[in-house]
Amino acid sequence: MHDFQFVDGEFFCEGVAIDTVSAKVGTPFYLYSYATLCRHLQVFDSAFADIPHLTAFAVKSNSNLAVLKLVANHGFGADIVSGGELYRAIQAGIDPNKIVFAGVGKNAGEIEYALEIGIRMFNVESGEELRAINTVAVRMGKRASVALRVNPDVDPMTHPYIATGLKKSKFGIDSQFALDSFEAATHLSAIDVVGVHMHIGSQLTKVSPFLDAVKRILRLMENLQKRGINLSYINIGGGLGISYADETPPHPNDLAEALMPLLRDLKVRLILEPGRVIVGNAGILVTKVLYTKNGDGKHFVIVDAAMNDLLRPSLYEAYHEIVPVRQEKRDSMIVDVVGPICESGDFLAKDRELPEVKSGELLAVMSAGAYGFTMASNYNTRPRVPEVMVRDRDICVIRERESYADLVRGEVIPDFLQ
Ligand code: LLP
């Protein structure tokens, strides 16, 4: 994260001190580096330059319009999972022809919206969904391009909550039914079967699960060919991990190199759906220490950000490095960094060695650009925090802090309660 670094003991994002942003927007806030985002987009896309491909950014990892516009400016498409994400992608100017729509539970309204916009394809996860898409398309007089998402039953060796390609997972079509599902799809009147999709999990730190899964998909494609079904796309999903602590995930170049021998001679276009690897280390969450206190053999650092702002530690026991934004010589201690929410599960770090911190000082929660703001909620009626993008010395608020009025927008007290 070299766009986030200390200069004379003070933490900077590009040319801007974190303190300066805090003085402008208050705390907590998410902060993204424009330069890091651009670099990650370029590095990822150029890794696959030798293979005909479409890179569809996973909108669920970070859906701010400014981030999506940057993604669009780099020629990326979008991997979406809801009507709301489709709306965002279109608002940000992402080419509909580069949008792929995944998810196990698309509803009729979302299917209609996607057909109206004219997205590239649906990644279909069940036979019933396939028939639902066909029904909507027939009614609208349109054709729907689809890829079938196949569950390759490969262990991605990641956290069970973010593993998606195992037999027991709800995602995709079980590989034993795959051939028949493809066959059935070709008989639907408004469906064009154009591809196969897989996504085995997130935060993968090894290449081998990708390779195992792709090999299985390629065997399936051979069998499909024997039945006269020729596909134009193979979509290998997202999932490439990042370094939160001491993980050493493969570089996109390593993944591309490993895949090259498998894909080189195929006459199909590759689709990729990276999320975390693009945005994860391009963003931080900045929070202020409110209080410190000692419990029975415990030290607590109570900060103004909570599990509603960054859910990953509570939900996955995920590790995010935490650093005081002012570097000074001081002792360290083992602390729990906790938020103001009324839940014991509300923590950003547990039993963490941190320099002794004081109330009022700022902490940076690192690697928070992916699945940070997008998983935020209003729990405890806490306004969602602002998002800020820094470009060199420019500070741009790309999402304002919510107001109390925002929090009750749309709520109604019925007449009979007046
Ligand atoms: N494609 C599909 C179909 C997906 O389901 C996902 C992520 C991606 C692409 C992008 O995966 P990535 O490149 O970001 O690993 N909230 C969790 C992560 C959930 C990922 C869900 N699917 C977390 O905070 O770790």
Side-chain angles (χ1 to χ4, degrees), residues 30 40-41 43-45 47-48 54-63 67 71 76-82 85 89 99-106 121-125 129 147-152 156-166 169-173 195-206 209-210 213 217 233-245 247 249-250 252 255 270-283 285 307 309-320 348 365 367-377:
Y30 277 95
H40 289 178
L41 288 162
V43 164
F44 191 92
D45 210 47
F48 292 90
L54 162 67
T55 314
F57 173 68
V59 173
K60 64 178 85 64
S61 63
N62 190 316
S63 59
V67 173
V71 161
F76 278 50
D79 154 45
I80 58 157
V81 289
S82 69
E85 286 192 351
I99 296 179
V100 296
F101 191 170
V104 293
K106 305 171 190 81
M121 73 182 78
F122 295 89
N123 291 328
V124 177
E125 308 224 10
E129 182 198 330
L148 294 198
R149 177 172 179 174
V150 175
N151 181 340
M157 299 183 271
T158 186
H159 190 285
Y161 281 16
I162 49 179
T164 46
L166 282 166
S169 121
K170 72 172 177 179
F171 296 100
I173 294 167
V196 57
H197 176 231
M198 63 169 231
H199 170 79
I200 53 176
S202 201
Q203 184 53 16
L204 271 63
T205 52
K206 295 202 161 49
F210 284 107
I217 299 289
Y233 295 90
I234 174 170
N235 182 336
I236 64 165
L240 198 55
I242 63 170
S243 179
Y244 285 98
E247 303 94 327
L255 180 61
L270 177 66
I271 302 180
L272 301 135
E273 301 174 340
R276 191 188 314 265
V277 68
I278 305 292
V279 286
N281 274 327
L285 171 67
M307 65 189 285
D309 303 308
L310 180 65
L311 184 59
R312 303 192 72 256
S314 302
L315 192 58
Y316 314 118
E317 294 181 336
Y319 176 95
H320 286 264
L348 297 179
V365 183
S367 312
Y371 308 105
F373 188 89
T374 53
M375 291 175 77
S377 77

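All ligand and atom numbering here is 1-based and tracks the order in the structure. FYI, the numbering just counts along the sequence from 1. Only a predicted model underlies this, so the values are computations on that prediction, with no experimental measurement involved.
Shown in contact with Gly239 at under 4.0 Å from a heavy atom are these atoms of ligand 1, numbered in order with element: 11 (O), 12 (P), 13 (O), 15 (O). Under a 4.0 Å criterion applied to the non-hydrogen atoms of Gly275, ligand 1 contributes the atoms 12 (P), 13 (O), 14 (O). Heavy-atom proximity to Pro274, at under 4.0 Å, picks out these atoms of ligand 1: 13 (O). Under a 4.0 Å criterion applied to the non-hydrogen atoms of Ala58, ligand 1 contributes the atoms 8 (C), 10 (C). Near Ser202, meaning under 4.0 Å from any of its heavy atoms, are these atoms of ligand 1: 11 (O), 12 (P), 14 (O), 15 (O), 20 (C).
Looking at Arg312, Met375, Gln203 and measuring to atom 24 (O) of ligand 1, the nearest heavy atom belongs to Arg312. Of all the listed residues (Met198, Lys60, Glu273, Glu125), Lys60 holds the heavy atom that lies closest to atom 4 (C) of ligand 1.
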What do the steps show when you test Val100 against Tyr233 for side chain to side chain contact (heavy atoms under 4.5 Å, CB included), and what is the final call? CA-CA 12 Å; Val100 296; Tyr233 295 90; over 6 Å; no
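Between the side chains of Arg312 and His320, at least one donor-acceptor pair of N or O atoms lies under 3.5 Å. A donor atom on one side chain and an acceptor atom on the other are found under 3.5 Å apart for His197 and Glu273.
For ligand 1, the polar-atom distance check against Ser61 finds no nitrogen or oxygen pair separated by under 3.5 Å. Of the polar atoms of Arg149, none of the N or O atoms is found under 3.5 Å from an N or O of ligand 1, judged by distance alone.
Because its NZ or CZ atom is both nearer than 6.0 Å to the ring centre of Phe101 and within 45° of the ring axis, Lys106 counts as a cation-pi partner of that residue.
The closest side-chain heavy-atom distance from Val279 to Val67 is below 4.5 Å. You'll find the side chain of Asn151 stays beyond 4.5 Å of the side chain of Ile173, heavy atoms only.
Judged by the shortest distance from any of its heavy atoms, Val277 lies outside the 4.0 Å radius around the atoms of ligand 1.
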